[in-house]
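The structure appears right after this line, and notes come after that.
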Amino acid sequence: MQDSLDHAASALPDGWPAGYGRRVLAEIDSTNAEAARVAPQLAGPEWIMALKQTAGRGRRGRAWVNPEGNFAATLVLQPAESPEVVALRSFVASLALYDAFAAVTGRPQGLSLKWPNDVLLNGGKVAGILLESVGTGGQVMHIGIGIGVNLKVAPGADQVEAGALRPVSLLSETGAAVTPDEFLTELARAYAHYEAQFTTYGFEPIRTLWLARAARLGEVITARTLRDEQVGTFETVDAAGNLVLSTAKGRVTIAAAEIFF
């Protein structure tokens, strides 16, 4: 099922954050699926990266296309907070991705964060985040933060839903040729920084930083839920991570939705 290329602590690259494990697999069905399988045996947080995924997943069960040279990894954590607080780590991961992109390209220009869990580059989607958790009795036992990045190749327009933002790759938009290994190190380092901030100071500093990088803040956007559609001005993200829109019918708070510009 899997071919592990790197398990040993001695193989950790320079700059790798202390306390985080690292394993790189040649091929796997899905890094999130592998994270769920190995999580009960892990003693601490660990990054799992696959050079090839055969059944990658995106939000709402959609397939995530992962051509060779692109990035697919999942961070496994054993959090101690309530499920509502644990879910806020999508914002932590978004900030880490933003910093990792800035680090490998040398510039943050063109980057922005799309609620709830995408990273945009020059207006196109370059990365996505998928959180999956396992718990019982209202307590999260572990969470997998799955991250997919178009480092080298972007899916075609026919591979995304109608109305979705165009997929872009880091290489095509910036000319930066970055390997998955290189990106993993930068991402892990950035994530460790924001995770420490989150667990020490809570969500508010993360929320403030995220809003400073938010796409279309103060502009009119469309939020589609499974039940309805709301059009309004993107006002803020509240203390619970919800999207807040100012609409013709008043202020609306949305916990989960697909956002369209």
Side-chain angles (χ1 to χ4, degrees), residues 15-17 20 31 45 47 49 58-59 64 70-75 77 87-131 143-152 154 164-219 221 234 236-238 241-243 259 261:
W16 188 262
Y20 284 75
T31 58
W47 283 94
M49 184 178 80
R59 293 188 69 214
W64 178 271
N70 282 0
F71 179 87
T74 298
L75 172 61
L77 295 173
L88 294 173
R89 281 182 171 80
S90 63
F91 294 92
V92 179
S94 294
L95 289 176
L97 271 168
Y98 187 101
D99 281 13
F101 281 123
V104 298
T105 61
R107 56 187 184 275
Q109 288 83 358
L111 291 168
S112 60
L113 303 177
K114 178 176 177 280
W115 188 91
N117 50 15
D118 292 336
V119 181
L120 309 185
L121 177 57
N122 297 335
K125 180 176 176 177
V126 71
I129 300 165
L130 176 65
L131 271 67
I143 184 171
I145 305 175
I147 295 175
V149 179
N150 301 326
L151 288 179
K152 187 177 180 181
L165 291 176
R166 65 185 177 96
V168 299
S169 73
L170 185 69
L171 179 62
S172 66
E173 295 298 312
T174 70
V178 181
T179 68
D181 270 326
E182 292 168 337
F183 193 80
L184 178 59
T185 298
E186 293 296 343
L187 179 59
R189 181 161 48 193
Y191 186 90
H193 166 74
Y194 287 118
E195 173 70 17
Q197 189 175 79
F198 179 65
T199 56
T200 302
Y201 302 108
F203 181 53
E204 187 56 30
I206 297 295
R207 187 179 79 93
T208 299
L209 290 171
W210 191 95
L211 285 169
R213 296 159 175 76
R216 304 300 178 99
L217 185 65
E219 298 182 23
I221 62 174
F234 178 11
T236 190
V237 168
D238 68 16
N242 299 316
L243 178 72
I259 301 303
F261 301 152

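We use all heavy atoms of the structure for the numbers below, so side chains are in, but hydrogens, waters and symmetry mates are not.
- Taking CE of Met49 as the start and CG of Leu184 as the end, the distance is 5.0 Å to the nearest 0.5 Å.
- Closest approach of Pro116 to Ser94, counting heavy atoms only: O-OG, 4.4 Å.
- Atoms CD1 and OG, from Ile206 and Ser90 in turn, are 11.0 Å apart once rounded to the nearest 0.5 Å.
- For the pair Leu131 and Asn117, the minimum side-chain heavy-atom distance is 4.5 Å or more.
- Note that the CG atom of Leu120 and the CD atom of Glu173 stand 11.0 Å from one another [nearest 0.5 Å].
- In this structure, the side chains of Leu95 and Arg213 come closer than 4.5 Å at one or more pairs of heavy atoms.
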Query raised in the report: Going through the distances and angles, do Val237 and Asn242 end up as a side-chain contact (heavy atoms from CB on, under 4.5 Å)?
Result: CA-CA 5 Å; Val237 168; Asn242 299 316; over 6 Å; no
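- Contact detail for Ala190 and Ala96: the closest heavy-atom pair is CB-O, 3.6 Å.
- The shortest heavy-atom contact between Val126 and Leu170 is CG2-N, 3.9 Å.
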Requested in this report: Begin with the C-alpha distance, continue with both residues' side-chain angles, and end with the deciding distance and a verdict on side-chain contact (heavy atoms from CB on, under 4.5 Å) for Arg166 and Asn122.
Outcome: CA-CA 10 Å; Arg166 65 185 177 96; Asn122 297 335; 4.3 Å; yes
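- No side-chain heavy atom of Leu113 sits under 4.5 Å from any side-chain heavy atom of Phe91.
- Of the inter-residue distances, the one linking Lys152 atom NZ with Asn150 atom CG reads 13.0 Å to the nearest 0.5 angstrom.
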Query raised in the report: When you look at Ile147 and Tyr191, which way does the side-chain contact (heavy atoms from CB on, under 4.5 Å) test go after all the steps?
Result: CA-CA 12 Å; Ile147 295 175; Tyr191 186 90; over 6 Å; no
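- Residues passing the ring pair (Phe, Tyr, Trp, His ring centres under 6.0 Å) test with Phe198, sequence neighbours excluded: none.
- Considering Thr74, Thr185, Leu187, Ile145 in turn, Leu187 is the only one that fulfils the side-chain contact (heavy atoms from CB on, under 4.5 Å) rule with Trp47.
- Here the straight-line distance linking atom OG1 of Thr236 with atom CG of Leu211 works out to 4.5 Å at 0.5 Å rounding.
- Counting all heavy atoms, side chain and backbone alike, Arg216 lies closest to Ile221 at CB-CG2, 3.9 Å.
- Closest non-hydrogen pair, Ala73 versus Thr31, comes out as C-OG1, 3.6 Å.
- Here salt bridge (charged side-chain N to carboxylate O under 4.0 Å, His left out) pairs that include residues 89-115, with residues two or more places apart or in two chains, are Glu81-Arg89, Arg89-Glu195, Lys114-Asp118.
- Between the OH atom in Tyr194 and the CH2 atom in Trp210 there is a gap of 13.5 Å [rounded to 0.5 Å].
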Requested in this report: Test side-chain contact (heavy atoms from CB on, under 4.5 Å) on Glu186 and Val178 and set out the steps.
Outcome: CA-CA 11 Å; Glu186 293 296 343; Val178 181; over 6 Å; no
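- Checking side-chain atoms of Thr200 against main-chain N and O of Gln197 turns up no donor-acceptor pair under 3.5 Å.
- In this view, Phe183 and Phe71, Phe101 satisfy the ring pair (Phe, Tyr, Trp, His ring centres under 6.0 Å) rule, not counting sequence neighbours.
- Of all the heavy atoms in Phe203 and Gly241, the pair that sits closest is CE2-N, 3.9 Å.
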